[in-house]
2 protein chains.
Amino acid sequence: MTTVQSVVRSMTLLEQVAHRPRGLVELADAAKLPTTTTARLLATLEDLHALRRDDEGIYRIGPTIISLVSTGDVGSSLRALAHPHMVELVGAVDEAVGLSIPVDGVAVTIAQVDAPRAVKAEDWYGTRWSLLGGGTGYALMATWSQSEVDELLDGSSDPGRVRDGIAAARAAGVSWSHGDYVDELSSVAAAIVDDSGRGIAALYVYGPSYRFPDGATHETERRLVEMARRISHAWNARTGRTVVQ
Amino acid sequence: MTTVQSVVRSMTLLEQVAHRPRGLVELADAAKLPTTTTARLLATLEDLHALRRDDEGIYRIGPTIISLVSTGDVGSSLRALAHPHMVELVGAVDEAVGLSIPVDGVAVTIAQVDAPRAVKAEDWYGTRWSLLGGGTGYALMATWSQSEVDELLDGSSDPGRVRDGIAAARAAGVSWSHGDYVDELSSVAAAIVDDSGRGIAALYVYGPSYRFPDGATHETERRLVEMARRISHAWNARTGRTVVQ
DNA sequence: AATCAATTTCCACATGATGGGAATCGCCGG
DNA sequence: CCGGCGATTCCCATCATGTGGAAATTGATT
């Protein structure tokens, strides 16, 4: 199959900007493109409001991109389907809840519902976490085939630790993470599975580590697992196969 | 300035998909492009995970787009700056809170924090609302110049009603909307302003109309206005001018 | 098996993207 | 006020790259 060069390059630039907002020359350098070409592509994206440029020449992701992430297809996307359940879960456990899907070996946060009491209410929307780094990834990989896991582990620095995490996740049905992703932040993740039992997304509860003392969180675990089960069920009950999102 | 055709076309297709997920032919038709060209562009976007296609051939927005909306530049974007304040406001008023910015005559929701109790917790992230349709738009336009408002009103069906709404918003400092956008849903909006007093975004509290009886909501109004003021202040206190987002 | 719509493959054409070079802008230091 | 320098924009010849018509293929429906 043949791909369109300028479109691929534009997406690279968008990703670079998302990674870190910068000016023309730095972006050209990062994308390994001539300055002129970069300027033309950036100007096009700016014209479309996909990027915005401030008066210092720094490019940032613009509103067009944000509005692409709309709820146009409520009812068929996992995100829209899970959202009300997530709100309910937040109400039950009084901590923030997130939802991530795996893409190319990383987990992308596609939805987040905060607890009003959240001490540090950070906004992880769109953030990519390594699958190998902690709870979210372990919970997912625990439901995957050995070969899939091996492929991801190929070349990782500490495969033993990851395998232990996966084994623990498989045994417990959930996967804890204490400060693995962010200092002082703990999370419990559970997989949302398709009708073959394969994890297609991870639902997780998170908050400051001090609010998750060992042993005092069985209720949270229980509710998380129950909600993941309900979301899985709702997802698999849809009529017609559609793609995860 | 010259723009890159294929990039513009790709963005059109992305917007069409966001508007309503569809198959190749329908998208080609909607974008007024030859099928072949559309197929090539869609394949490119799919390859980049900007789009996903299910086994029925329906294209949907993919995870790459979602991860573009990241928080890479925490501290300089309005969204990241406002987020913790929004969480606090949710805690105070016990209703959902949203944040929108104006783009090309519409308001795009760039952040949302739900109240755990939300009866129907819908996900408006990325949704575009008309500025002329209700509270959000009135709150913003109340801070804009007459000529800017006139430009937007040019060709609108009921300019008188909008002008009344703007006048009310200017007088009250907030703008109410009861069922204007969505049935049974009420909202109060207040503008977040730059250092010249011009509205750059709208902060709003919303929930089922029955929870907003007239006269029992002064406390909500007060807290909303106070929070909008604080966010405005934080925004204008930043060092270095940056663009709204 | 026949029909029809949707999608993919193929390919000749020329348009539209490309990038080198030069001009311009904007800022800073002397 | 004047160079100097990096960043950005303008210009334009070149041709690689994107384009879209036509035909083949797939796949669902009757």
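First the proteins, then the strands, lettered A, B, ... as listed; each starts at 1.
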Whether A:R22 side chain and A:L27 backbone form a donor-acceptor pair below 3.5 Å: no

When you check the phosphate oxygens OP1 and OP2 of D:dT19, does a side-chain N or O of B:Q5 lie under 4.0 Å from one of them? yes

Could you check which of D:dG21, D:dT19, D:dT8 has an atom nearest any side-chain atom of B:T36? D:dG21

Verify the contact: side-chain N or O of B:R9 to OP1 or OP2 of D:dG20, cut-off strictly under 4.0 Å; return yes or no. yes

Take the protein atom CG of A:L45 and the nucleotide atom P of C:dA17, then report the distance between them rounded to whole Å. 13 Å

B:D54 has an atom CG; how far is it from atom C1' of C:dT7, in whole Å? 15 Å

Take a 6.0 Å sphere around CD of A:E151 and say whether it holds more than 12 heavy atoms from other residues, nucleotides or ligands. no

Under 4.0 Å, counting only non-hydrogen atoms across every strand here, what does A:S6 touch: a base, just sugar-phosphate, or nothing? sugar-phosphate

With rounding to the nearest 0.5 Å, note down the distance linking CZ in B:R230 to CD in B:E88. 4.5 Å

Approximate separation, where rounding is to 0.5 Å, of B:I61 CD1 and A:L68 CG: 5.0 Å

A:R53 side-chain proximity, nearest of D:dT8, D:dG20, C:dT8: D:dT8

Measure from the side chain of B:P34, starting at C-beta and using heavy atoms only, and say which of D:dT9, C:dT7, D:dG21 lies closest. D:dG21

With the side chain defined as heavy atoms from C-beta on, A:L24 is closest, among C:dT8, D:dT9, D:dG18, to D:dT9

Return the minimal non-hydrogen interatomic distance between B:A139 and B:A191, and the atom names on each side. O-CB, 3.6 Å

Figure out the CD/P separation between B:E46 and C:dT7, and round it to whole Å. 12 Å

Protein-nucleotide distance (B:L41, atom CG; D:dT17, atom C1'), rounded to Å: 13 Å

Roughly, in whole Å, what's the span from CG in A:L33 to C1' in D:dA16? 15 Å

For A:D29 and D:dA7, give me the distance from atom CG to atom C1', rounded to whole Å. 13 Å

Any side-chain N or O of A:R40 less than 4.0 Å from the OP1 or OP2 oxygen of C:dT18? yes

Between C1' of D:dG6 and CG of A:L27, the distance in whole Å: 16 Å

When A:A39 and A:V7 are each assigned the nearest nucleotide of DNA chain D, the 5'-most assignment goes to A:A39

In whole Å, I'd like the distance from the CD atom of A:E56 to the C1' atom of D:dG6. 16 Å

On the nucleotide D:dT19, are OP1 or OP2 found under 4.0 Å from the side-chain N or O atoms that B:T37 carries? no

